Structure formats: C-alpha cells, structure tokens
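Take a look at the structure below.
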There are 2 protein chains.
Amino acid sequence: MAQATDPSRSGPATLSDVARLAGVSLATASKALNGRSQVRAETRQRVIAAAERLSFRPNQLARGLLAGRTGTVGLLTSDLEGRFSIPILMGAEDAFGAGEVAVFLCDARGDAIREQHHVRALLGRRVDGLIVVGSRTDPRPSLGRELPVPVVYAYAPSEDPADLSIVPDNVEAGRLAVDHLLACGRTRIAHITGDPGYLAARERAAGAEAALSDAGLALVGAPRFGMWSEGWGRAAAAMLLDKHPEVDAVLCGSDQIARGVVEVLRERDHRVPEDVAVMGFDNWQVLTSASRPPLTSVDMNLEQVGRAAAQALFGAIAGARRSGVQTLSCRVVVRGSTAALS
Amino acid sequence: MAQATDPSRSGPATLSDVARLAGVSLATASKALNGRSQVRAETRQRVIAAAERLSFRPNQLARGLLAGRTGTVGLLTSDLEGRFSIPILMGAEDAFGAGEVAVFLCDARGDAIREQHHVRALLGRRVDGLIVVGSRTDPRPSLGRELPVPVVYAYAPSEDPADLSIVPDNVEAGRLAVDHLLACGRTRIAHITGDPGYLAARERAAGAEAALSDAGLALVGAPRFGMWSEGWGRAAAAMLLDKHPEVDAVLCGSDQIARGVVEVLRERDHRVPEDVAVMGFDNWQVLTSASRPPLTSVDMNLEQVGRAAAQALFGAIAGARRSGVQTLSCRVVVRGSTAALS
DNA sequence: AAAGAAACCGAAAAGCTTTTCTGAAAGCTA
DNA sequence: TAGCTTTCAGAAAAGCTTTTCGGTTTCTTT
C-alpha cells in the first residue's frame with residue numbers, strides 16, 4: 001500500500017514533492033514558483049521544471065488558511081429557474097473569473113430556511129463575500145449586519161439601507177421607453193403591464209407617466225395591470241382596442257405581454273408598426289425575435305448588474321464598503337415593432 | 001488596532017477561541033462538538049454553549065486540508081445562457097446541497113481555452129470531482145483520463161467511452177412522441193425539426209420514424225430539417241400544408257418550431273387539435289402555455305439528468321467508477337394541442 | 001588575501017482542525 | 001488500602017503553503 005518512492009503516490013503533487021525532485025527546500029521551491037527574488041535564475045528554472053513535470057498546482061486550501069482570504073465568494077440566488085437570475089449570475093461569474101475568484105453557487109429556491117442554511121455553509125467555507133441575487137426587484141429582508149463578510153444585493157435590494165444593493169433603474173426604463181415612442185411621433189400611448197404586486201411594474205408605469213407628463217401628454221386610459229403573460233397581453237389588447245381604437249402605440253410591461261398584444265393587433269388587421277407601435281421590457285431574445293415584427297424592447301442590462309455587484313463586492317472585500325441602493329441604466333433595443341410615423 | 005482580549009477580535013471564531021472560553025483544550029473541544037465519546041456530558045454542554053456564543057463554524061479549509069476531501073465539486077458549463085444548462089445545473093445543485101457539498105460554478109462560454117483554465121483552477125482548489133455540462137447532445141472532447149478526480153459528463157456525452165456520461169434519450173423521445181400521436185388516432189404524421197447538424201434533431205427524427213415503422217406507417221414526406229426557430233416553423237408549416245394538405249399531425253423538433261407551426265395552422269383556419277395535432281420537444285413552459293392551444297411537449301427531464309450526474313459523481317468519489325453513456329427517459333406532457341380524433 | 005556586501009538557500013512557524021496516543025483521575029474489587 | 005479498570009482531558013502530529021529570519025556561500029574591494 002505504501003509506495004514511498006512512487007512520485008505519483010497518492011493524490012496531487014505537493015510543494016514538497018516538487019522541492020524534493022528539484023533538490024531544494026520547501027521555502028526555495030515556494031519562492032521560485034511565486035516569483036520571489038531570493039532565488040537564482042538557474043534554481044528557479046529547475047523548480048519550475050519539476051513543478052511542470054509533476055503538474056503541481058498549489059493547494060488553495062492551505063494558501064487560504066494561511067492568508068485568511070480564500071478567493072471564493074458565495075452567489076446566493078432565490079430562484080435559478082427564473083430567467084432574471086441567470087444573466088446577473090453570468091455577469092458576476094464573468095467578473096470574478098477574470099480576478100481568479102471562484103464562485104460557490106447556492107439556490108435557496110425562495111425558501112428563507114434554506115437560505116439561512118446556505119449562508120451558514122458558505123461562512124463555514126470562509127467565503128470572502130456574498131452576492132444575494134433576487135428574483136424580483138421588490139426589497140427583500142437583509143441577511144443582517146452581523147455577518148463577518150461583506151454582502152452585496154443584486155436585482156432585489158435589501159430592506160436595510162445600510163446594505164449595498166445594485167438594481168436596474170425601472171423608473172428610468174419607463175421614461176426611456178416613452179421617450180422612444182415620443183421620438184417616433186406617437187402621442188396616443190397606452191400601457192399594458194403585469195402584476196401590480198411587482199414593484200417593477202409600478203415603477204415602469206410611473207416612469208412612463210412621468211415622461212409623458214413632461215411632454216404635456218398623458219396615457220390613453222389608465223395603466224392596465226394584470227399578469228406577466230401573453231394571455232393577459234391578448235386580453236388587455238382586445239379591451240384596449242375596443243375602448244380606445246385611436247391608440248398609436250402600446251407600451252407593454254414585458255416582452256411576453258407585448259407578444260400577446262402584437263398577435264391581437266395582427267388578428268384585427270392593425271399594422272405594426274405603421275398604425276400602432278408596440279414595445280416591451282426585458283429584451284428576451286426568444287420572444288423579441290420570434291414576434292412579427294420583431295419587438296423593440298428595453299434591455300435591463302442585467303449582466304451589467306451582475307458585473308457591478310461583483311466589482312462592488314471586490315471593493316468591499318478590499319475595505320471600501322459602501323451602502324445604499326445603486327441603480328444602473330438600461331437601454332432601448334430598437335427592432336421592427338416601432339418606427340417613426342410617416 | 002490589536003485587541004488581544006476582544007473575543008470577536010478578527011474574523012470568525014476558531015476552535016481555540018471556543019476551547020479557551022469553555023476552559024478546555026482544543027482536542028476536547030473538537031471531540032465535544034463532533035459527538036466523539038471521550039467527553040463527559042457536562043463538559044460537552046459547556047463547549048457547545050461556548051461555540052454557540054461565539055457562533056463558531058468549523059473552518060472547512062482546515063478540515064479539507066486534513067481529510068483530503070474538500071466536500072466541493074466543480075460544475076463546468078459551456079453556456080449558461082442556453083436554457084438547457086440551467087435545469088441540469090439545478091438538479092445537480094439540488095442533489096449536492098442535500099449532501100452538504102458545495103458547488104463551484106464555472107462558465108467556459110464555449111471556449112476550450114477558458115475551459116482548461118477553469119479545470120486547472122478547480123483542481124487547485126482540490127475539488128472532489130467535476131461535472132461537465134454541455135449545451136447540446138453532440139459528443140464533446142474528453143477532459144482526459146489523467147485527471148486526479150472523477151468526472152461526469154451531463155447532457156453532452158464525452159467522446160471517450162471510458163468516461164461516464166449521462167444524457168437524455170432522444171431516440172426514445174422521438175418514439176414516445178409518435179406513440180402519443182398514434183394513440184390519438186393520427187396516421188398522417190409529418191415531422192418538422194431543427195438544425196440537422198444537431199444530433200438531437202437526427203436522433204428524435206430516427207426515433208419517430210422507427211416508431212412509425214413499427215406501426216406499419218411512415219412519415220408524410222421526409223423529415224424537414226431547418227432551424228430551431230419559430231420562423232422556420234412557420235415557413236416549413238406553410239410548405240407542408242401546400243404539399244400535403246392531408247396531414248393530421250405535425251411533430252415538431254422543438255417547442256419554438258411548434259409555436260410557429262400552430263400559428264400558421266391558425267391563420268389557415270385549420271383547427272388544432274381537431275384537424276391537426278401538434279406537439280413539440282423540451283416542454284419549455286413560456287412557449288407551451290402561451291401557445292393557442294397550449295402545446296403538448298416531450299419533457300427531457302433535464303433536472304433528473306442533473307441529479308443523476310450528481311449521484312454518479314458521488315458514487316465515483318466513493319470509489320464506484322462507472323463508464324459509458326447512460327441514457328435517461330423522458331416523458332410526454334399532454335396539453336391542448338393534441339387530442340384523440342373524434 | 002581579508003573583510004565586507006550581496007546573493008542565495010533552508011529551518012521554522014503560522015494558519016485551523018482532527019485524531020491518536022499518553023497521562024491522570026476516579027471508581028471498583030479484593 | 002492496594003491494585004485494577006474505566007473514563008475523561010490534553011499534548012502533539014498531520015495536512016500544505018507562505019513568510020520571516022538566520023545562516024552559508026560567492027563576489028567585490030582594498
């Protein structure tokens with residue numbers, strides 16, 4: 001069982017294996033591999049060659065134990081299934097990967113108990129920080145101020161203003177959308193949106209109404225809240241056309257709703273965008289590009305939210321803690337469903 | 001700066017803090033907390049209380065360093081964006097989370113260089129194993145046989161038969177779909193599917209043709225390969241109806257294609273499912289439920305693929321290495337777009 | 001050639017937990 | 001009461017890397 005002379009005896013090679021093969025001490029091997037200056041060039045080469053031959057990788061556990069920093073962070077999502085978490089997660093993973101930080105992924109499935117469990121497990125693994133990704137933009141309970149590592153909340157802000165949260169700016173999103181429609185010459189704009197229990201729905205509506213008001217205009221009818229589904233989009237569009245056949249633009253609270261609206265417009269022989277412009281939110285490619293015509297949509301720049309959260313966490317780990325809610329801009333992606341009135 | 005007497009002086013509490021507070025040695029504290037039997041009940045209580053007060057969590061790095069196992073695995077995806085990775089990832093995360101294993105998430109973005117980089121980083125962190133999640137079912141290059149930890153490939157099998165791969169059974173999926181349509185009394189079945197460069201498309205078509213052949217039937221026309229988009233679904237449906245107006249069922253290679261087909265059928269006043277039954281693959285809720293009528297679809301059970309991969313990796317870590325390609329069954333989810341011929 | 005400086009290498013400790021082994025105390029029997 | 005067993009607590013080592021500090025060698029300078 002014991003194979004004392006076998007170089008590949010058990011598990012990965014350690015620094016002491018490398019040192020032995022190169023005929024130097026542990027300390028020298030370490031310094032050689034880490035570019036420290038206390039070692040002759042020829043010796044360094046020998047050590048590097050030995051490390052190469054054993055395909056040595058320094059044990060990050062030992063390193064972390066010593067340094068007090070592990071180079072890992074926890075990414076705590078509340079629902080992986082939802083499509084909003086993914087781009088944020090991608091942005092964060094991207095930003096961290098560039099900085100040699102590894103990411104522990106935990107999905108709490110929207111359960112507070114499970115979330116607590118994951119937090120404890122992550123702290124046991126001595127993560128250097130946490131990013132908490134929400135599934136909607138409504139504020140969520142804080143993990144608390146007593147955590148031994150910095151925390152950044154992404155998408156869903158923390159209820160505690162002492163925490164740092166990074167969220168997309170839904171009010172501005174509503175403004176931008178209406179500005180685009182106004183720039184297209186539309187003046188009779190209706191708004192069909194989703195569940196009024198969602199802050200995102202209310203904020204986008206508020207932004208839209210503010211932009212219209214700035215232009216001396218108002219929505220055609222009140223904002224129509226309902227559900228985040230194509231079915232609601234179809235139903236609401238039918239009601240809207242019955243009551244306000246004069247509309248020349250429909251701003252929809254999501255791409256799903258917008259698809260429903262476009263379908264009904266097609267069925268009723270309204271031309272899109274010539275007669276009625278339609279736009280949505282989220283810029284969800286599967287929907288925007290499959291629609292006829294393709295949908296103009298507001299992209300919430302979620303990847304950027306993830307990246308910004310990662311960078312903020314970097315900063316906090318380095319000691320530069322901030323707090324409050326930081327909002328990030330979004331952008332209008334123009335496709336065929338909006339165009340200037342001719 | 002130095003606060004020698006402050007119990008919460010720097011970073012999380014260590015076992016030696018607990019031992020000091022409880023007035024025992026490190027060894028005793030460890031044994032007390034780990035349920036070892038060499039400790040008097042009263043002493044154990046004292047230690048537990050101390051640990052509680054300091055909210056002590058054992059440092060998993062030190063533990064891993066000692067044990068040789070870290071209780072972490074790497075989850076290597078090739079594209080997070082793609083919707084197939086996510087359910088697999090959820091299943092795996094779920095299975096691991098239950099076993100106190102933490103998951104490192106890495107997204108290679110389809111880049112082999114980046115993948116290599118991530119593998120090296122993960123090995124440096126001494127993961128106990130790796131799961132490689134592909135974005136399509138075509139075989140992919142192996143990470144190699146020389147890795148010091150077990151690897152399981154999920155969704156995309158490894159090209160090396162010595163590796164273990166867990167994939168959904170696309171041939172059976174095609175069979176099941178046709179069996180369902182046959183059970184509905186359909187006999188003139190056409191197949192519109194996606195990019196023929198995808199193994200999944202070819203296998204599903206093969207399964208479908210095999211099931212028809214078993215029933216003494218054949219497809220209406222050849223399988224129509226194209227793209228994985230609604231647009232292709234619409235175009236292909238139009239061509240199909242022009243050439244074969246007698247079809248009573250269309251099996252579509254994806255839910256996206258199926259939606260396109262349903263739309264064209266509606267526009268041409270064919271009733272779904274009365275005149276023509278339609279079904280898709282993937283069971284992608286956003287599409288299936290928004291369609292009119294809701295789409296019957298084959299669910300590839302991807303979460304189960306993830307869970308099975310996690311369990312296989314557990315087994316391999318425990319020493320029970322397997323190899324080869326293991327296929328998992330899928331299931332038909334019936335909705336409004338298919339029904340028995342009346 | 002001798003002394004001082006510079007360059008280089010190695011021993012040892014720290015970081016935290018678990019386990020084994022040793023030692024001590026308490027309880028029991030003869 | 002002496003000797004034994006049982007029970008419990010502590011010391012020390014292992015696991016791997018990095019860093020500090022001390023020691024040795026080589027080179028330069030006078």
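Proteins come first, then strands; the chains are lettered A, B, ... in the order of their sequence lines, and each starts at number 1. Predicted model, so just to flag it, every value in this text is computed and none were measured.
Between B:Asp17 atom CG and C:dG15 atom P the separation is 11 Å, expressed in whole Å. Distance, A:Gln45 CD to C:dC8 P: 14 Å, rounded to whole Å. Atom CD of A:Gln38 is separated from atom C1' of C:dG10 by 12 Å (rounded to the nearest Å). Separating the CG atom of A:Asn34 from the P atom of D:dT19 is a distance of 7 Å, rounded to the nearest angstrom. Rounded to an integer number of Å, the gap from CG of A:Leu15 to C1' of C:dG10 is 13 Å. With rounding to whole Å, B:Arg20 atom CZ is found 14 Å from D:dG10 atom P. Going from atom CZ of A:Arg46 over to atom P of C:dC8 covers 13 Å, rounded to whole Å. Look at CZ on B:Arg40: it is 13 Å from P on C:dA25, rounded to the nearest Å.
Picking from D:dT17, C:dT17, C:dC9 the nucleotide with the shortest atom distance to the side chain of A:Phe56 gives D:dT17. Across C:dA11, C:dT20, C:dT17, the shortest atom-to-atom separation from the side chain of B:Ala27 is found for C:dT20.
A salt bridge (Lys or Arg N to Asp or Glu O under 4.0 Å) with B:Glu115 holds for exactly one of B:Arg120, B:Arg109, B:Arg140; it is B:Arg140.
Side chains of B:Asp163 and B:Ser142: a donor on one and an acceptor on the other come within 3.5 Å. For the residue pair B:Arg307 and B:Gln304, no side-chain donor N or O sits within less than 3.5 Å of a side-chain acceptor on the partner.
When each of B:Lys31 and A:Leu26 is assigned the nucleotide of DNA chain D bearing its nearest heavy atom, the one mapping closer to the 5' terminus is B:Lys31.
Of all the residues in residues 59-71 of chain A, A:Ala62, A:Leu65, A:Leu66 reach under 4.0 Å from DNA chain C with at least one non-hydrogen atom.
Contact annotation: B:Ser30 reaches the phosphate of C:dT18 (side-chain N/O to OP1 or OP2, under 4.0 Å). Regarding contacts with the backbone of D:dA9, a side-chain N or O of B:Thr43 is found under 4.0 angstrom from either OP1 or OP2. Between B:Ser25 and D:dA11 there is no side-chain N or O to OP1 or OP2 distance below 4.0 Å.
By the neighbour-count criterion of 12 heavy atoms within 6.0 Å, atom CD of A:Glu81 is sparsely surrounded, having that number or fewer from other residues, nucleotides or ligands. Heavy atoms of other residues, nucleotides or ligands lying less than 6.0 angstrom from CD of B:Glu42 number more than 12.
B:Ala312 and B:Arg322 get closest at one heavy-atom pair: CB-NH2, 3.5 Å. The minimum heavy-atom distance between A:Glu159 and A:Pro141, with the atom names listed, is OE1-CA, 3.5 Å.
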